[in-house]
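So the structure is just underneath, and the comments pick up after that.
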Amino acid sequence: MTSSKNEVHQPFLENNGASALSPSTEQNHESSSELETVLLDTSLPPWSRLRLATWIETKLLFFLAAPAVMVYMINYLMSMSTQIFSGHLGNLELAAASLGNTGIQIFAYGLLLGMGSAVETLCGQAYGARKYDMLGVYLQRSTILLTLTGVLLTLVYVFCKPILIFLGESPEIASAAALFVYGLIPQIFAYAVNFPIQKFLQAQSIVLPSAYISAATLVLHLVISWVAVFKIGLGLLGASLVLSLSWWIIVIAQFVYILKSEKCKQTWNGFSLKAFSGLYGFFKLSAASAVMLCLETWYFQVLVLLAGLLENPELALDSLSICMTISGWVFMISVGLNAAASVRVSNELGAGHPKSAAFSVIVVTACACIISVIAAITILEFRHVISYAFTGGEVVAEAVSDLCPLLALTLLLNGIQPVLSGVAVGCGWQTFVAYVNVGCYYIVGVPLGSLLGFYFKLGGYLVRNDGRYTYANNYFGMGHLSN
C-alpha cells in the first residue's frame with residue numbers, strides 16, 4: 001500500500017508549479033472547497049450539514065456521471081448492435097460474434113482499459129493539486145505504452161482460431177469467430193488511444209463533449225453496419241470492421257476537441273519529449289491498474305470459453321451472451337459512476353480534502369444501489385420478451401427467461417462493485433483490489449462454477465415434457481452455473 005501511494009504522488013514532483021486557471025476550472029475547485037467547508041463546519045446541526053453536503057456532492061456527481069454513463073452506454077451499444085446484426089444472420093453467427101466479442105475482444109479491452117486507469121489516478125490527482133501541465137504528459141505516456149501493448153495483442157487476434165480450438169471450442173464456431181475477430185484488429189489501437197484521452201478529459205470533468213461525439217458516432221455506426229452486413233453482404237467481417245471504424249471516429253473527434261477547446265489550454269501543451277521519460281515508473285502503475293481490471297473482465301471471458309465446452313455449445317453461447325449483454329447494460333451504468341467516483345475521489349485527495357473524498361464514496365455507492373434495484377425489477381418484468389431483440393429463436397428466448405430471476409439478483413451486486421473499484425482507482429489502490437479480485441473470481445468463482453457445471457453435471461440441457469430443450473443456468477456471483 002505504501003509503494004502504491006508513493007507511485008501516485010511522486011510524478012507530481014516533475015512539475016514546477018500550477019498553471020493559470022480557466023473560469024470553468026476555477027468553478028470546479030470552488031465547488032470542491034465548498035463541500036469540504038460544509039463537512040468541517042461543526043456549527044451546523046448534523047442533519048443540516050448532511051443535507052447540504054449531499055446536495056453539493058450530488059450536483060458534482062450528476063454533471064460528471066450523467067455524461068460519463070451516456071458515453072459508456074453508447075459505446076457498449078455499438079458493440080451490442082454489432083452483435084445484434086450478427087445474430088440476425090443466424091445462430092452460428094451470433095455464437096461466433098459472442099465468442100469473438102466476449103471471448104477474445106474483451107481480453108484486449110480489459111488489458112488496455114486497465115492500463116489506462118493509471119491516467120485516471122495520476123491525471124485526477126494532478127488536476128486536484130493544480131499541476132495542469134502534467135496531464136498532457138501523462139496522456140502521451142499512457143498512449144505510448146498502450147500502443148506498444150496493442151502490437152503484442154495483435155498476435156492473439158491473428159492466431160485466435162488455433163487458440164480457440166486448443167481451448168476446446170467447436171472448429172465451426174472457432175472459424176466463424178476468427179473471421180469476426182480479424183475485423184477487430186484496428187479496434188485494438190483505437191482502444192490504445194481512446195482510453196488515455198477519455199481519462200484525460202474525465203479528470204478535468206470534461207465529459208459532455210465525449211457524450212455528443214459518441215451519440216453522433218452511434219447513429220453513423222448503425223447506418224454503416226446495416227449497409228455493410230445486409231446490403232453489401234460483408235457478413236461477420238463487415239460487422240466487425242464497421243465497429244473498428246466507429247471507434248476510430250470517436251478517437252479522432254475527441255483529439256480534435258482537445259486541440260481546439262479552450263478548456264484544455266492549460267492541460268494540453270502539445271507533444272513533449274517528457275512523455276518518453278519515466279516510462280518504467282508509469283508502466284508499474286499501469287500494470288497494477290491492468291491486473292486489477294483484467295482479473296475482472298477476463299472472468300467474463302473464462303465464462304464464455306467454459307460455455308463453449310458445454311453440450312450444444314451454440315445454444316449455450318447464445319443464451320449466455322444475451323444474459324451477459326443484458327447485465328452489461330447495468331455494468332456500463334456502474335462504469336460511468338465508477339469514472340465519476342474515481343474523478344471525485346482523486347480530485348479531492350489531490351486538493352487535500354479527505355472529508356469530501358470519503359463523503360463522495362458514500363453518495364456514489366447509494367446512487368449505484370438505487371439504480372441496481374430499478375434495473376433488477378425491470379429485468380424481471382420483461383424477462384419473457386427481452387431476448388427477441390437479439391434473436392428470433394424461441395428456444396434461446398425461453399432459456400434467457402429461465403436465467404432472468406438469478407440474473408436480476410446478481411445485478412444488485414454487479415451495480416455496486418464497479419463503483420467501489422472506481423474509488424480504489426482514485427486512491428491508487430489498484431494492487432489491493434487485484435488481490436481481492438483473485439480471491440473472489442478465481443479462487444472461489446471459477447473452480448466452484450466448473451465443479452457444479454461439469455463434475456456434478458449441472459451444466460447440460462434438460463428436456464422438458466413438451467420435448468423442447470432449455471438451458472437452465474444459475475448466475476452465481478458473476479458466473480453462470482447451470483441449475
Side-chain angles (χ1 to χ4, degrees), residues 5-36 60 63-64 67-68 116-146 193-210 254-279 281-282 285-286 289 339-354 356-357 360 425-428:
K5 183 176 179 181
N6 291 337
E7 288 170 4
V8 169
H9 292 282
Q10 187 176 359
F12 296 163
L13 300 177
E14 300 174 33
N15 186 41
N16 294 325
S19 305
L21 298 177
S22 66
S24 61
T25 300
E26 185 64 50
Q27 184 178 3
N28 291 337
H29 283 289
E30 286 177 358
S31 299
S32 176
S33 299
E34 180 185 5
L35 176 60
E36 188 75 6
L60 291 170
F63 288 110
L64 271 175
S117 295
V119 180
E120 198 167 4
T121 300
L122 295 174
C123 282
Q125 294 193 5
Y127 186 78
R130 308 192 183 198
K131 311 288 188 179
Y132 302 115
D133 59 318
M134 289 306 301
L135 271 74
V137 175
Y138 293 145
L139 166 61
Q140 294 171 63
R141 284 180 186 169
S142 182
T143 302
I144 292 169
L145 288 175
L146 266 64
V193 183
N194 178 75
F195 293 145
I197 288 178
Q198 195 175 60
K199 304 305 182 183
F200 169 84
L201 292 172
Q202 286 176 358
Q204 304 170 68
S205 301
I206 302 174
V207 285
L208 198 56
S210 295
Q254 287 184 135
F255 187 65
V256 170
Y257 175 83
I258 291 174
L259 295 178
K260 300 297 184 181
S261 175
E262 290 292 328
K263 294 181 179 180
C264 299
K265 290 295 184 182
Q266 279 78 41
T267 54
W268 177 260
N269 298 318
F271 295 101
S272 171
L273 291 176
K274 292 177 67 176
F276 293 93
S277 64
L279 283 176
F282 196 91
L285 182 58
S286 295
S289 301
S342 178
V343 171
R344 289 289 302 122
V345 171
S346 60
N347 283 176
E348 297 297 350
L349 290 178
H353 298 158
S356 297
S360 178
V425 169
C427 297

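Bear in mind the structure is a predicted one, so any value in this text is a computation, not a measurement.
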* Name of the residue among Leu135, Asn269, Leu201 meeting side chain to side chain contact (heavy atoms under 4.5 Å, CB included) with Cys264 -> Leu201

Minimum heavy-atom separation for [X] to [Y], with atom names?
X      : Y      : result
Phe200 : Gly136 : CE1-N, 3.8 Å
Leu139 : Ile197 : CD1-N, 3.5 Å
Gln140 : Ser272 : OE1-N, 2.9 Å

Atom pair [atom1]/[atom2] of [X] and [Y] - distance to nearest 0.5 Å:
X      : Y      : atom1 : atom2 : value
Trp268 : Lys260 : CH2   : NZ    : 13.5 Å
Gln266 : Gln204 : CD    : CD    : 9.0 Å
Lys265 : Leu259 : NZ    : CG    : 8.5 Å

* Which of parallel (below 30°), tilted (30 to 60°) and perpendicular (above 60°) describes Phe271 and Phe255? -> tilted

* Flag, side chain of Ser142 to backbone of Tyr138, donor-acceptor distance under 3.5 Å -> no

* For Asn194, does its backbone N or O pair with a side-chain atom of Gln254 as donor and acceptor, under 3.5 Å? -> no

* Kindly indicate whether the side chain of Arg141, heavy atoms from C-beta on, has any atom under 4.5 Å from the side chain of Ser277. => yes

* Asked: If we only count heavy atoms from C-beta on, is the Tyr127 to Gln202 side-chain gap below 4.5 Å?
  -> no

* **Residues, nucleotides or ligands: over 12 heavy atoms within 6.0 Å of Phe63 CZ** => no

